[in-house]
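First the proteins, then the strands, lettered A, B, ... as listed; each starts at 1.
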Number of protein chains: 2
Amino acid sequence: MTAPPHEAHPAGPGRALPDTQQGMRRRNLARVMHAVSAGGPLSRAAVASRIGLTRAAVSSLVDELIRSGLLQELGPERPGRVGRPGSALAVSGHGPAGIGAEIGVDHLAVCAVDLRGEVRARIVRQGANRGRPAAPVLAELTTLVRRVVARAERAGLWPAGLAVAVPGLVARDARTVVRAPNLEWRDTDLGALLPAEFPLTVDNEANFGALAELWLGADTPPDFLHVSAEIGIGAAVVVDGGLLRGTRGFAGELGHVPVRPEGPACPCGGRGCLEQYAGEEAVLRAAGLEPGEDRVGLLADRAAEGDEDVRRALRDAGTALGIALTGAVNLLDPEAVVLGGALSGLAPWLLPALEEELDRRTAGPACPVSVSRLGPEGPLLGAAHSVVRAVLDDPAAVGERV
Amino acid sequence: MTAPPHEAHPAGPGRALPDTQQGMRRRNLARVMHAVSAGGPLSRAAVASRIGLTRAAVSSLVDELIRSGLLQELGPERPGRVGRPGSALAVSGHGPAGIGAEIGVDHLAVCAVDLRGEVRARIVRQGANRGRPAAPVLAELTTLVRRVVARAERAGLWPAGLAVAVPGLVARDARTVVRAPNLEWRDTDLGALLPAEFPLTVDNEANFGALAELWLGADTPPDFLHVSAEIGIGAAVVVDGGLLRGTRGFAGELGHVPVRPEGPACPCGGRGCLEQYAGEEAVLRAAGLEPGEDRVGLLADRAAEGDEDVRRALRDAGTALGIALTGAVNLLDPEAVVLGGALSGLAPWLLPALEEELDRRTAGPACPVSVSRLGPEGPLLGAAHSVVRAVLDDPAAVGERV
């Protein structure tokens, strides 16, 4: 009894099924895929030693993964090592691909990522989507998805699934956009409007951005708070390497944390929400600028040029972010806060005030704040990689479909 | 790929070891214990059908659990059923017991709970601990622990572990009190000052209170926010039936969420923290009362008598709680908020203002707020039950020690 004795118990959620030989084999297939994905090329013996199974067991698992087209043999390892040379294994570059898509307020984007994590096809189309009904937007997105899939197929890949990032709240069915104020969509089932031939996952852009940071970021810890923005401000809470989703799927609504309880009214029904101080429109207004198309670019350009009104507006936004993050850090005790999405481009002017506020309000060493190097690409990459991770996490499910 | 594809992957934290026959058996032992604990008395056949294993597999597991003294046979089930009568199984009332202890600002308490969840011994000693050094307090607690253990042993039980609830922040080593401002303790290793013969777990009282609510509360959902108070205000975040602990073990510091960012200075270094509006001392001050021993009792008595100053102070505290909880609900999207600990006794006067504030600030249907029926007993019971749950979660670990 050395582990803390009061964690979720084995009969609890997510562990409801009894262990069976079949389930064990499925999980061990996943361990082999993850080992090769993280450290490949690797011999069967190296895989066995990394995951703690016998070489015979690993060989049988590897054979199945090669048959399914998920692993490939690169031929004998270079000589000079002790023992019989083994054939090095690598994750296949011709197997399943993850198709990621992003519905932005001002753009649509689609990409295909292979099991090795390489982007093999990518299309971005600029154009305002705010106020457009969902049907024509998704028809346009479907055209882009089909073009990306065709390119991926020409490269020897096949689509294992489609994941779509949206700037709004998504229900736990991973299909329905409950509320996307900046698109003006409400209770929209994207599943009915997208190609039915791929397994579909829809999620909030902040969630996919956080997952991209977790999987692709430099030294991202397994517990962090990811703050991002398009027009609204969203956050995603990552705990032990997984997303904290909330009961309805709405966790991470940092934009509606009260910063000044008697502050300006917010469309959400509250007063003085963070979005009223640090949302793009609030910052543009405070800086005396008109909202246009490339809002973040405009703010960054003016701030870089030394525009004092813009700099002050960004400083005030940073202070408001620091107040809201103080509450979040006190509640969640994350290892780090990462600024991603559009916020990453404004970090030079937001960060000093944000950090000052957070430091003076949080007891003990303050939580470090860093800036995502993925920037606005995060949600699109996170979406595509989520499909790839699903294949790595349960390769048997793909084998069944092949 | 019907499940959301972007959860923690099988190679991630907590699943690092490969599946083995031995691990599988350990987990299946736990499933048998939980099935009998939740639904017993049960026949072997009923256990097999509940957990989805064969009757032969269950019989072997049950034999081991009977040998370890964790299950007992009650003799043949009553006749009238179809087939050969099986012997009903029940969780043993003479096996291991969980010893729970609580270090309060004004009291010490210790209890012993058997595997069936019954309190078999309990001692409470009133007396101020604020400002007393840790050594004499823990010496006194040790005496009480030994007396409770002696009583439990006379009833045929043996102590499986000791869990201690403290009003402060506890490091993830589950031994060290990093900061307990209301005891004036800092970086105190309780492990060095408590009996070494039992496995020890130290945790924040809010965490144990939340676990008690999860395990013993009426219809408590697996995702909720538990708010409690002794002198400070603490919270615990329960996600999927497990505690969210945070990187350092400090998650749930609701008391230091900024409510009014320019409000009164707080000893934590911040300004306008929730504790400055809804902590016991702030409420007493606002009500014009002197801090004494039974502070909550005093407030509750005066409020019940209709004292308008006290009622107003409690209404204002409820409003501040509502503002801080708005942020927490937006970040965590819990299924419910539960008021426990000392706050539960003040709920009639806090709750209306709290709910009004939360409702008007949160979009959509507000998060329901309920009052714990465990009240101030929660942390002590949660501590003792955490030891009992650890036995149910890994009965093999106890078997090895017997």
Side-chain angles (χ1 to χ4, degrees), chain A residues 1 4-13 18-19 24 27-28 30-31 34 51-53 161 174 199 201 211 222-223 239-242 244 246-248 250-254 256-258 260-261 268-270 323 326-328 330-335 360-361 363 386-387 389-390 392-393 397, chain B residues 1 4-13 18-19 24 27-28 30-31 34 51-53 161 174 199 201 211 222-223 239-242 244 246-248 250-254 256-258 260-261 268-270 323 326-328 330-335 360-361 363 386-387 389-390 392-393 397:
Chain A
M1 214 162 60
H6 32 69
E7 305 300 334
H9 61 78
D19 275 316
M24 208 164 103
R27 288 192 293 276
N28 283 334
R31 291 196 179 92
H34 276 288
I51 66 176
L53 289 175
T201 307
L211 290 170
D223 293 85
V239 177
D240 262 357
L244 187 152
T247 302
R248 295 166 301 174
F250 298 177
E253 279 284 272
L254 188 72
H256 299 287
V257 166
R260 292 189 178 90
C268 81
I323 294 168
T326 298
N330 269 301
L331 278 168
L332 299 165
D333 185 23
E335 197 168 338
R360 79 183 180 93
R361 288 182 185 273
S386 77
V387 178
R389 301 294 291 206
L392 300 179
D393 287 351
Chain B
M1 213 162 60
H6 32 70
E7 303 299 334
H9 61 78
D19 276 316
M24 208 163 100
R27 288 192 292 278
N28 283 333
R31 291 197 179 91
H34 276 288
I51 67 176
L53 289 174
T201 307
L211 290 170
D223 294 86
V239 177
D240 263 358
L244 188 152
T247 302
R248 297 166 298 174
F250 297 178
E253 278 285 271
L254 188 73
H256 299 287
V257 166
R260 295 191 176 89
C268 80
I323 294 168
T326 297
N330 269 302
L331 279 169
L332 299 166
D333 185 23
E335 197 169 337
R360 80 184 180 93
R361 287 182 186 274
S386 77
V387 178
R389 300 295 289 208
L392 299 179
D393 288 352

Relative to chain B, which of A:A251, A:G270, A:A328 shows the most heavy atom pairs under 4.5 Å? A:A251
In terms of heavy-atom contacts, B:P258 and A:I323 come closest through CG-O, 3.7 Å
Walk me through whether A:V239 and B:V239 qualify under side-chain contact (heavy atoms from CB on, under 4.5 Å). CA-CA 10 Å; A:V239 177; B:V239 177; over 6 Å; no
Give a yes or no answer on whether the side chain of A:D333 reaches the backbone of B:R248 with a donor-acceptor pair at less than 3.5 Å. yes
Partner chain A: residue of B:P261, B:G252, B:G246 with the largest heavy-atom pair count (under 4.5 Å): B:P261
Tell me, side chain or backbone of A:L332 under 4.5 Å from chain B's heavy atoms, or both, or neither? both
Please confirm whether the backbone N or O of A:L254 pairs with a side-chain atom of B:N330, one donor and one acceptor, at under 3.5 Å? no
Does any backbone or side-chain atom of B:P334 lie under 4.5 Å from a heavy atom of chain A? Answer side chain, backbone, both or neither. backbone
